[in-house]
Amino acid sequence: MTRRPAPSAVAPPLQARGVSYSVGATAILRDVDLRVGPGELIALAGPNGAGKSTLLGVLAGDLRPCAGTVTLGGTAVHGIGVRELARLRAVLLQENRVSFPFTVADVVRMGRAALEEDPAADDAAVAAALAATDTLHLAGRRFPSLSGGEKARVSFARTLAQDAAILLLDEPTAALDIRHQELVMGLARRCADRGKSVVAVLHDLSLAAAWADRLALLGDGRLVAAGPVAEVATADALSELYEHPVAVVPDPVTGLPVIMPRRGALTCVR
Amino acid sequence: MTAADLASADLRAAVDALPPARPARATAALTGLGVALVAVAVVSAGVGQMNLSPAEVWHVLAAQLGFDWGTPSAHPNAEAVLLSVRFPRVALAALAGAGLGTAGALMQGVFGNPLAEPGVIGVSAGAAAAACGYIALGSQGAGPWGAALFAFAGGLGTTFLVYALSRSGGRTEVVTLVLTGIAVNAVAGAAIALFTFLADTAAREEIIFWQLGSLNGTRWAYVAIAAPIVTVAVALASTLARKLDLLSLGERSARHLGVDVERLRVVVIVLVAAMTAAAVAFCGIIAFVGLVVPHLVRLALGPGHRVLLPASALGGAVLLMTADVVARTAVDYADLPIGMLTSLVGGPFFFYLLRRSRRQAGGWA
């Protein structure tokens, strides 16, 4: 069995400078600056409609910003060809549908499309990605027959199989149970520890606090705060951002911040 | 996560647990379809008012290549009938079937919808309308090439139009697709009616023969035009297989995996228009071949386009040649329109697929 060497490629820095994006007259992103370096896992959070997915789309090169630039290793993302881009960054979207009944193994194998074809290496990468995401037992199942959480994990396995240095993940944990949330974030963490860059949109701020190096908070298209989770995720800042009282308490075991809504408090802090 | 994270024994076990990338029966099925293609062609060439056995057909066929195989026919005109009437007809049936089968598979891939098909969506009607215009109003100077060119232009325009109208968010919902098909077919039908009205008696007769869809009166000249178009288009289509697989993840994800989606779309639309036009220009509107064949192939061999595209080409050819045999033999001394036959079988099949997709999607969307 040929073993692929551990990916040694260190992620080129991905940087957004002064990015604005609007659809018609509606501004969705306003003057956002964000830099993702190798070895970093950045969590992107904020209320619904704050522009998180749009920012991810801009970083991925799907959307061209109306103002500002997005560069990858110093080159404008739009100047990089689709195939080359596919070798540099993998993207997991929120919704993952497959039009025809491909098997789970087929879908994960599609992650290898931009790489030079090498059946042994492809098989190894696909098998490893399936095993890591706890979906190996589903390998022969038809993708459309899976549950939502299974689809999400298989799609995540597809992005892992792509072997890209940058991972852009839109709500990778939204459909997952507790065990698989931890599994997926643990995998994202390990990718970052190896020199990859990871940007993950997360709604669960405790998950962000546990796994991310930095937290970037978006509100109404602006980057409200970005920095280490303990500094950014304060009760006051979050309560104001989400327009709902939020409590930040230390985890009794690890001491990491646990972030939750305060219930019973019907009045909005405003 | 990466192969390096698993111990080699675990990785080997995991690799062994993967289903094969290409179903084992794919090669067998493609070979079987190839054999069926030749067998049906030989039988089909023998069937008709002058009945010839496969051995007699084989003899004439081999004689063309300089071999002495099979049994010489007792009929004095056997060779002439086969060479000038039957063979071109069988060849055109195979070419049109292969083109329509492949066009259906391509269209379903690019629309991300298993109900897309040149006939259903109105591409065939659009191609037919343009060719009718040529027959009714144009000078006949360009001969069969003129009809083919007009059919191609009409098919191309209609495909782009339907594509632009029926998609949202990178996908086409069933209800949008069907409604777009109704609208496009209605407009194309009106155009055909107008051209029928404007045409003189001879042209009118030709147009009517067309709308029915028929292989009657096929000449080698038609085959000479259809053959290069269909062969090249089928060959080009098979180079797109992997990209079409990726497209089933949706346009955005396909782009994330390195597919130039805009270019792929344009190439597919041109190929679909070319193959549909090649069929329509000489056989009229033959609907549902592109729907039934890829669907059956997917059921048997899975959705991967590397198998689906060649199998749809072969399957389409076999289906249309078989339909042509039925068209010639079902009623004595009558050559039924083949387009009528495929619609008779394909229409209910389409309805069945519609029912099924409604059940699966939980509604018409």
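These numbers come from a predicted model, not from an experiment. Sequence lines set the chain letters: A, B, ... in the order given, protein chains first and strands last, and positions in each chain run from 1.
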Return the option, out of [options], with the maximum number of heavy-atom pairs under 4.5 Å with chain B.
options                           : result
R109(A), E95(A), R87(A)           : R109(A)
A157(A), A164(A), G81(A), A113(A) : A113(A)
H137(A), Q162(A), E84(A)          : Q162(A)

Quick one: are M110(A) and S253(B) in side-chain contact, heavy atoms under 4.5 Å?
->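 Heavy-atom side-chain distance check fails, nothing below 4.5 Å.
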What part of [X] lies closer than 4.5 angstrom to a heavy atom of chain B: side chain, backbone, both or neither?
X       : value
V107(A) : side chain
L168(A) : neither
R158(A) : side chain

[X] and [Y]: which non-hydrogen atoms are nearest, and at how many Å?
X       : Y       : answer
F102(A) : S248(B) : CE1-OG, 3.2 Å
P19(B)  : A139(A) : CG-O, 3.6 Å
R242(B) : E117(A) : NH1-OE1, 3.6 Å

Does CZ in R64(A) sit with more than 12 non-hydrogen atoms of other residues, nucleotides or ligands closer than 6.0 Å?
->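 Count not over threshold, so no.
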State whether the number of non-hydrogen atoms from other residues, nucleotides or ligands found under 6.0 Å of I178(A) atom CD1 is greater than 12.
->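 Counting neighbours around CD1 of I178(A), 12 or fewer heavy atoms of other residues, nucleotides or ligands fall under 6.0 Å, so no.
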With a 4.5 Å heavy-atom cut-off (strictly below), which parts of residues 140-155 of chain A touch chain B? List them by number.
->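 Listed by number, the contacting residues are G140(A), R142(A).
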What distance do [X] atom [atom1] and [Y] atom [atom2] have between them, rounded to the nearest 0.5 Å?
X       : Y       : atom1 : atom2 : value
L249(B) : F100(A) : CG    : CZ    : 11.5 Å
L136(A) : L18(B)  : CG    : CG    : 6.5 Å
D62(A)  : E251(B) : CG    : CD    : 11.5 Å

Could you check L93(A) against H256(B) for side chain to side chain contact (heavy atoms under 4.5 Å, CB included), going step by step and ending with a plain yes or no?
-> CA-CA 10 Å; L93(A) 296 178; H256(B) 293 150; 3.9 Å; yes
Report the option among L246(B), V259(B), D16(B), V261(B) that has the most heavy-atom pairs separated by less than 4.5 Å from atoms of chain A.
->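 Among L246(B), V259(B), D16(B), V261(B), the one with the most close pairs to chain A is L246(B).
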